[in-house]
*Asks:* 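Dropping a structure here in C-alpha cells format, bear with me for questions.
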2 protein chains.
Amino acid sequence: MKGEGKPTINDVAAAAKVSKKTVSRVINKSPLLSEKTREKVEAVIREMGFVPNLQARALALRRNFIIAAIHDNPNAQFLVNVQQGVMEAIAGSEFALMVQPFDRNSASFEDDVRAFLERQRPHGVVLLPPLSSDENLVALCRETGTRYVRMSSIKNDDAAHIVSSNDREAVRQATEYLIASGHRRIGLIDGPVGFTSPQERRGGFEEALVAAGIPLLPELFRPGAYTFESGVEAARDLIALADPPTAIFACNDEMAIGAMITCRRNGLRIPQDISVVGFDDTPLSSHVWPSLTTVRWPIVEMARVAALKLIGPPEAAAEHPWLLPSTLVKRESVTPPA
Amino acid sequence: MKGEGKPTINDVAAAAKVSKKTVSRVINKSPLLSEKTREKVEAVIREMGFVPNLQARALALRRNFIIAAIHDNPNAQFLVNVQQGVMEAIAGSEFALMVQPFDRNSASFEDDVRAFLERQRPHGVVLLPPLSSDENLVALCRETGTRYVRMSSIKNDDAAHIVSSNDREAVRQATEYLIASGHRRIGLIDGPVGFTSPQERRGGFEEALVAAGIPLLPELFRPGAYTFESGVEAARDLIALADPPTAIFACNDEMAIGAMITCRRNGLRIPQDISVVGFDDTPLSSHVWPSLTTVRWPIVEMARVAALKLIGPPEAAAEHPWLLPSTLVKRESVTPPA
DNA sequence: GTAATCATTGACACCGGTGACAAGGATCGT
DNA sequence: ACGATCCTTGTCACCGGTGTCAATGATTAC
C-alpha cells in the first residue's frame, strides 16, 4: 500500500507476507488453502479494505461480469420490470446490469448492436421483445460468442436460450371467461403488425372463439399499436358499429385503458354496457376505474430466469424453466352483457 | 490471429508489421503518426475486424467507460426517462450505462453502495432522487474517488456535481395560474415526508398563496406518498371537508390522477366542479380524461446534462448548465371555479 | 557536409489479476 | 529411516491494452 489509491492484490500480499497467488486463492475461496493462512490473509484484506479490481479480473479471466439488457422497447413499466427481475437474479453476486436501447429503424441497427457486443463484451445479454424475435441478432450473438437469452413469445424449445410465457393459452382462457360470461360479440384490438407477441395473443383469442363456435367477424378485429391512442381509435371504431361488441379484448393494457376511456367518453358504462379485458397487468390496470381485468404477464420472473440462465454454468442454462405462466387476473371490468 | 477468438492488438501489429504501440496510437487517433502507417494499420484493423478490448483498456488506463445510474426510485417512467437522457449523452461514445437500484431501508444500504462503487469502479455515477439527497452517498463517492452528479432539487451551486430544476418557481407559477383562474381554496397533496422534492414543490405552492394574500389553511394540506393510492385518500379527505377546495395541486401526477378518479367517483366533474394540477408531465397525464394540467419536469434533459458532466473532462463539468427549467403545461383539468 | 532538430516508431515495463506448473514441507507406508 | 504421496504455497508467464523513454530516420540550419 503506497499510501495512495486503493490497495491491490500486491499490497495485500506484501502486508500478509504471502504471494499474490495465495491472496488470489483466498478471494476466490479456493479449497486448497490452509485454514491458518486463509484467516491471516482475510484479516489483512479486511484491515486494508481491499476489493479486487473487476477490470483486471475480467482481463485475466477473459470474461466480465456484466449482464446487458438489449431492447428497443419504449414501454417504461416493462423495462423496469425486466430490470427488477435481472437484479433479483444477480443480487449479491459480482454481476451488474447494463441497459442498452437500440433503434431498430436505424440503418446501422445491426452494426450498432455488433459494436456494442464487441466493445463491451458482456458476459451475457437478455434480448427483450420485440427486438428479441430478430434472428439476425441471435446470429450476431453466436458470431460474437456472446451468451444470450431471448425473452420472447416465439415458439422454441431451445430452453437454454429462451424464456417465454404461454400467452396464447392465457388469452384463450381470458376469452373463454368472456364467453362464459355470455359475450358472443367480442372486439379485438390487435398489437402492432409484424411483432410476435400480438400474434400469440390474437391466436389465443381466435382459438377460444373457434372452440366456442363463434364466427370470426372481420369488423370486430381492429388494428392497434400497443399505444394508448391506438386503443382510443380502435374502440371508437368498434362502438360505432351498427351492432357493436359487448366486450373488447385489447392486446395490451395501454390500449385497453384507451378503449375504456373512449367508451366512457361516449356514454358507455364499464362494465355494464361493455366489458374490457387487457393484457400485461401493468400497475395502471388496477388504478383505473373500474379496475381492469387483464392477463398478468410474468415479466419480472421471466427476466429473473433469463439472468439465471446467463450467470450459471452454460450447461445448466437449459435446466431453468423456459416457459412461465401468464395468468388471468379478474377485476371489475367484466360482467355479463345486458 | 491464431485462428480462434477475436483478434487482439498483437495480431494486428503482427499483420501490419508494426509495433503494438503503433496500433495503439492508431486506435487512439494519436496525432504523432504518419499518414501512411495510419492508413496501413487502419486497413488491417478493418480487414481483421479488430475491436479493442475495453477490459484491457480499462485496466491500463485505470478507468473504465461505465456510467452508473444509482437509484432507489420505483417510478418506471422516471427511470426510463433518465436512461434515455443518459443514452442521448453517451450515444456514439465508448461509454455504456449501468443501472443499479438500492434499498435505502436496508441496514446494509451504505455498504451495498460502497461495494458496488468499489467493485465496478464506474467512471461516474448519476445519483437519482430521492436517494440523491443523501449526503452520506456523496461522501462515499468522494471517498472512493468516484465522479458523481446528483439529480436533485436541492439548493446547491456546486455546478459540477448537481443538476437541478427550478421546481419551486414552476409550482409557484402553476399555483398563480390557479389563483388567476379565480381559485382561492386550493388543496395540496404533499409528497412523502423527508424527501426534498416535495419540499420544493410545496414551497412554491405556499409562496404563491402568500403572495396572493391567501391564508395557508392546515385542513387543505394533505399528506401523500407519491402513489396513486395516497392521491385517492387525500382527495377523499379534501372533498369531504365542510368547505371543500375548488382546486387541488398534487405534488406528482400519479397522485393527481388518483385524485381525479376519486373526485369523479364521488360525482364531481373535472374541471367544472374541481380543478386539478399535477407535477411531472408523465405520458399518462395527457392520456387521462380530461387531460391533466401539470408541470413538466425535464428529466431527460437533466439526465443528459448529468451524463455530459461525467463523461467530459472534470474541469469542464461546471460549464454545463446545472439548472433546467420546469414548465407549466396547461391542459384540460383547470377551469375557473363555478 | 555535418550537427542539431524534428517527426515517427519501437522496446519495455506495467496495470491487477489468473492459470499452469514447480517446489517445499508434512505425513504416510514399509 | 527412507522414499512416495499429499497438501500448501510460490514462481512465472500471460490476459490486451497504455505510458515512458529511447532509437531511428528524415529534415533543417549553419
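To find a chain, count down the sequence lines: A is the first, B the second, and so on, and within it residues start at 1.
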*Asks:* Determine whether the side chains of A:R57 and A:N28 contain a donor N or O and an acceptor N or O closer than 3.5 Å.
*Replies:* yes

*Asks:* Can you name the closest pair of heavy atoms from B:C141 and B:V125 and give their distance?
*Replies:* SG-CG2, 3.9 Å

*Asks:* Would you please confirm or rule out a distance under 4.0 Å between OP1 or OP2 of D:dT18 and any side-chain N or O of B:N28?
*Replies:* yes

*Asks:* Hey, what are the protein-to-nucleotides 4-12 of chain C N/O distances that come in under 3.5 Å?
*Replies:*
from   : atom 1 : to    : atom 2 : distance (Å)
C:dT9  : OP1    : B:S34 : OG     : 3.2
C:dT9  : OP1    : B:T37 : OG1    : 3.2
C:dT9  : OP2    : B:S34 : N      : 3.0
C:dT9  : OP2    : B:S34 : OG     : 3.4
C:dT9  : OP2    : B:T37 : OG1    : 2.7
C:dG10 : OP2    : B:S19 : N      : 2.9
C:dG10 : OP2    : B:S19 : OG     : 3.1
C:dG10 : OP2    : B:T22 : OG1    : 2.5
C:dG10 : N7     : B:R25 : NH1    : 3.4
C:dG10 : O6     : B:R25 : NH2    : 2.6

*Asks:* Please give, in whole Å, the distance from D:dG16 C1' to B:F50 CZ?
*Replies:* 8 Å

*Asks:* Look at the aromatic rings of B:F65 and B:F95 and report parallel, tilted or perpendicular, splitting at 30° and 60°.
*Replies:* perpendicular

*Asks:* Report the distance from atom CG of A:L59 to atom C1' of C:dC15, rounded to the nearest whole Å.
*Replies:* 9 Å

*Asks:* Return the set of residues passing side-chain contact (heavy atoms from CB on, under 4.5 Å) with B:S165 (not counting sequence neighbours), or none when no residue passes.
*Replies:* B:D167, B:W297, B:P298, B:M302, B:S326

*Asks:* What's the verdict on side-chain contact (heavy atoms from CB on, under 4.5 Å) for A:I9 and A:S24, showing C-alpha distance, side-chain angles and the deciding distance?
*Replies:* CA-CA 7 Å; A:I9 197 172; A:S24 169; 4.0 Å; yes

*Asks:* Going by an N to O cut-off under 4.0 Å, is there a salt bridge joining B:R150 and B:E135?
*Replies:* yes

*Asks:* Starting at atom CZ of A:R57, determine the distance to atom C1' of C:dG19, rounded to an integer number of angstrom.
*Replies:* 13 Å

*Asks:* Look at the side chain of B:L61 and decide which nucleotide, out of D:dG17, C:dG17, D:dT18, has an atom nearest to it.
*Replies:* D:dT18

*Asks:* Over how many whole Å does the gap from A:K6 atom NZ to C:dG17 atom C1' extend?
*Replies:* 16 Å

*Asks:* Output the rounded distance in Å from CZ (B:R62) to C1' (D:dG16).
*Replies:* 15 Å

*Asks:* Starting at CZ of A:F65 and ending at P of C:dG17, how long is that distance when rounded to a whole Å?
*Replies:* 12 Å

*Asks:* CE of A:M48 versus P of C:dG16: gap in Å, rounded?
*Replies:* 13 Å

*Asks:* Expressed as a whole number of angstroms, how long is the span from B:I27:CD1 to D:dG16:P?
*Replies:* 13 Å

